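All figures in this text were calculated on a predicted structure; none of them were measured in a lab. Naming convention: chains lettered A, B, ... in sequence-line order (proteins, then strands); numbering from 1 in each chain.
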2 protein chains.
Amino acid sequence: MDNHQLDALFAALADPTRRAIVARLTEGEVTVSDLADPHDMALPSFLKHLTRLEAAGLIQTRKQGRTRICTLHPEALSEATTWIDRQRTAWEGRLNRLEALLSQPDTPDT
Amino acid sequence: MDNHQLDALFAALADPTRRAIVARLTEGEVTVSDLADPHDMALPSFLKHLTRLEAAGLIQTRKQGRTRICTLHPEALSEATTWIDRQRTAWEGRLNRLEALLSQPDTPDT
DNA sequence: CCTTTACTTAGCCATATGGATAACCATCAA
DNA sequence: TTGATGGTTATCCATATGGCTAAGTAAAGG
């Protein structure tokens with residue numbers, strides 16, 4: 001995944017309103033106004049959050065009559081965990097190499 | 001984990017410079033100037049990134065003489081995956097319930 | 001001591017972000 | 001067809017963010 005997409009993804013998750021939206025959408029599709037209802041915020045402000053989530057690939061929306069319906073796109077979340085897991089793997093690998101080095105002090109280097 | 005910490009954590013990861021720093025630190029401790037070296041940026045600008053990573057709990061630093069040494073604090077990364085995994089679990093749960101409902105149309109509701 | 005070296009602090013600037021209003025457009029219902 | 005309803009667009013505003021330079025401190029090194 002490209003760096004810029006990761007920026008958008010992590011930035012999208014770096015806001016409580018947007019995380020709440022994601023959490024809500026795990027329960028299924030919701031219309032914009034129903035989604036907005038629990039958030040004490042003007043609709044246009046709320047809309048901007050939706051737009052950012054959509055730009056980050058975290059949600060998808062479609063228009064049905066005059067209402068817009070939002071659905072979660074959970075695949076985007078794995079892009080985030082993939083990056084994180086890569087870091088963790090690298091870290092573990094380093095620890096393992098260190099450990100190996102300490103348990104075999106006979107061959108300090110090749 | 002508290003909402004505000006998650007904000008800081010995800011925001012910290014939403015920048016390529018900072019992700020590069022994290023990636024670099026998976027290989028072990030590095031001093032500030034060595035860390036900064038590959039980044040085409042004035043030191044004070046770079047320092048601000050370090051500060052944000054530290055505030056997010058992603059790295060820890062200590063002073064040794066006049067140099068500062070940075071180390072990764074990978075536990076912070078799991079705070080992020082924990083939240084993400086919770087969302088994924090919720091989503092899967094909903095899918096499973098849906099599936100169950102469809103395969104057993106005899107008991108539509110209790 | 002004096003000078004690097006390695007950060008640190010203090011400001012400054014442009015752009016991005018999160019919020020608001022006001023006004024507009026497009027259904028649906030009566 | 002006339003409201004009301006559900007979004008949408010266009011601005012606007014304050015603060016945050018990511019970059020900079022200039023000037024400061026503090027530990028080595030000679």
Atom CZ of A:F10 and atom C1' of D:dT17 are separated, to the nearest Å, by 19 Å
With a 4.0 Å cut-off (strictly under) to non-hydrogen atoms of chain A, the first and last hit nts on DNA chain C, 5' to 3', are C:dT17 to C:dC28
The side chain to side chain donor-acceptor pair (under 3.5 Å) partner of B:E29 among B:Q64, B:R62, B:Q60 is B:R62
| query | Side-chain contact, heavy-atom cut-off 4.5 Å: B:T71 with B:I59? | reply | no
Between CZ of B:R68 and P of D:dA27 the distance, given in whole Å, is 12 Å
Here the distance between atom C1' of D:dT17 and atom CG of A:D7, to the nearest Å, is 13 Å
OP1 or OP2 of D:dT17 under 4.0 Å from side-chain N/O of B:R52
yes
Per nearest nucleotide of DNA chain C, the residue lying toward the 5' end, A:L43 or A:A14, is A:A14
Quick test of your reading of the model: are B:D15 and B:R52 salt-bridged, counting only N-O distances below 4.0 Å?
no
Taken to the nearest 0.5 Å, the spacing of B:K48 NZ from B:T17 OG1 works out to 12.5 Å
- Query: Within the structure shown, what part of the strands sits under 4.0 Å from A:T67 by heavy-atom distance: base, sugar-phosphate, or nothing?
  - Reply: sugar-phosphate
Do the side chain of B:R19 and the main chain of B:L13 share a donor and acceptor less than 3.5 angstrom apart? yes
Note: for B:V32 and A:K48 on DNA chain C, the residue whose nearest nucleotide lies more 5' is B:V32
_Quick test of your reading of the model: are A:D34 and A:R24 salt-bridged, counting only N-O distances below 4.0 Å?_
no
**Item:** Validation row: A:L77, B:R88 side chains within 4.5 angstrom (heavy atoms)
**Value:** yes
>> Tell me whether the side-chain N/O atoms of A:R66 come closer than 4.0 Å to OP1 or OP2 in D:dA4.
In response: no
When rounded to whole Å, the NE2 to P distance for the pair A:H49 and D:dT8 reads 16 Å
note: A:E54, atom CD; D:dT8, atom C1'; distance rounded to Å ~ 14 Å
Check your understanding: Is any side-chain nitrogen or oxygen of A:K63 closer than 4.0 Å to OP1 or OP2 of D:dT8?
Key -> yes
